[in-house]
Number of protein chains: 2
Amino acid sequence: MSESVQLDPVDWQILSILQDDASITNKALADRVGLPTSSCHERVRRLRTAGVIDGIRASVNPAAVGRGLQAFIAVRLRPHRRDMIESFTAAVLELPETLALYNVSGPEDFFLHVAVVDSTDLQRLIIDDLASRPEIAHCQTHLIFDRPLVTSMRPYPDTHTGPTTGWRNRGSTP
Amino acid sequence: MSESVQLDPVDWQILSILQDDASITNKALADRVGLPTSSCHERVRRLRTAGVIDGIRASVNPAAVGRGLQAFIAVRLRPHRRDMIESFTAAVLELPETLALYNVSGPEDFFLHVAVVDSTDLQRLIIDDLASRPEIAHCQTHLIFDRPLVTSMRPYPDTHTGPTTGWRNRGSTP
DNA sequence: AAGGACGCCCGGATAGAATCCGGATAATGA
DNA sequence: TCATTATCCGGATTCTATCCGGGCGTCCTT
């Protein structure tokens, strides 16, 4: 399912547009990439069934719903036992403040990305919901300044020397 | 623009569905929340113009395009000067490996979220593209195990005592 | 308390898009 | 060179998004 798929420049162009705004109509998308609607539609359908596009999602602006503050909380657990890891992740994913949880290597075990109302709310979250948990040994908080700078999935340039994801090069050279 | 908006339970229900799958048709969405299509459409339109929904985006599965490894790189800069911060962020956002860049408080200055082919590729990225930059004092890499657990933006339960985002409670009680 | 104004809900009509299908065409391998 | 296969592409049909007008409940004003 996640076998690396060969993508040609038009596919990447489609991905670039859809990652930025997937509410565009197929007709407008087709016009922008210079394809008939049916071909464009077929491309998108293929990208979805291949698992390259694994979902179309609405992104909610946390600040617009009163969550003006975001933070990363680096969490270190007590000597790891599988059941403790599972109870920790289950509890964290239930919290409405949680945006994402990353299990990472290094001195910290987890990076927890949260969106809260303000610093008071963050303090409450850490004290009541995290530090009180027995499986947590240590928490370090990193406030996120401004809005995170998010980019989209882009191809390596074709001059790239490392392991390549390949190109299909379907009839693009006249 | 980012003034906190009042949302009722139906709005949150719509947000929950659209954050999970925004490719759903308005008709199907309306059926799931128990509203006529026109009312549902109006709700969604309002959520978009209010900035609560700030975009509909396709999410690309990095593994499906040959980027099987993700990592956070915690970056510490040399004594901060604004121009150095700007040159650093500009350079990082140009890298095709960059997924997101967070400017954070704490001992580290930035968390850089990247998707690369494999550990060799990650090593190349750090050595060639990051450590070589004069404004970077230190990099600490945290490999991300498995797939990150991502949740969606959810409301606080109404029993929540902290600062509330409020409810509209539009005619939900017969 | 009564009146008025505003916002929201809702059904229907129309324009436009998504989707399917068959033939044409180019790439691939023997 | 020829057969095969995958993709491209145009058109027709079905479904959807979207707009519009009326009705109703609620809140504010006086």
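Proteins get letters first, then strands, A, B, ... in listed order; numbering begins at 1 in each.
- With distances taken from any side-chain atom of A:T25 to the nucleotides D:dC9, C:dA17, D:dT18, the minimum falls on C:dA17.
- Axis angle across the helix from C:dA1-D:dT30 to C:dA30-D:dT1, with five pairs used at each end and values rounded to 10°: 50°.
- Phosphate contact (OP1/OP2 of D:dA17, side-chain N/O of B:H41, threshold under 4.0 Å): absent.
- The side chain of A:S38 has D:dG10 as its nearest neighbour among D:dT7, D:dG10, C:dC10.
- Taking atom CD of residue B:Q6 and atom C1' of nucleotide D:dC27, one finds them 16 Å apart after rounding to whole Å.
- Distance, A:L29 CG to C:dT19 P: 13 Å, rounded to whole Å.
- The aromatic rings of B:F111 and A:F111 lie parallel to each other, with less than 30° between the two planes, well short of the 60° mark.
- The shortest distance between the side-chain N/O atoms of A:R45 and the OP1/OP2 oxygens of D:dC8 is not below 4.0 Å.
- One finds a side-chain N or O of A:R43 lying less than 4.0 angstrom from the OP1 or OP2 phosphate oxygen of D:dC8.
- As a whole-Å value, the separation of A:K27 NZ from D:dG11 C1' is 14 Å.
- Under the side-chain hydrogen bond (donor to acceptor under 3.5 Å, both in side chains) criterion, A:D21 pairs with A:S23, not counting sequence neighbours.
- In this structure, A:D8 atom CG and C:dA26 atom C1' are separated by 15 Å, rounded to whole Å.
- Residue A:F145 belongs to no hydrophobic cluster, having no ILVMFWY side-chain heavy atom closer than 4.5 Å to its own.
- Remark: B:R45 CZ to B:I53 CD1 distance equals 12.0 Å, nearest 0.5 Å.
- Among all heavy-atom pairs drawn from B:N61 and A:G51, the shortest one is CB-O, 3.3 Å.
- The nearest whole Å value for the distance from the CZ atom in A:R48 to the P atom in C:dA18 is 13 Å.
- The environment of CZ in A:R78 is crowded: more than 12 heavy-atom neighbours from other residues, nucleotides or ligands sit within 6.0 Å.
- Distance, B:N26 CG to C:dA17 C1': 14 Å, rounded to whole Å.
- Residue B:E42 contributes atom CD, which lies 12 Å from atom P of D:dC20 at whole-angstrom precision.
- Each of D:dC9, D:dT18, C:dC10 was ranked by its minimum atom distance to the side chain of B:L35; first place goes to C:dC10.
- A donor-acceptor contact closer than 3.5 angstrom is absent between the side chains of B:T37 and B:N26.
- When heavy atoms are screened at a 4.0 angstrom cut-off, A:S39 is found touching base atoms of the nucleic acid.
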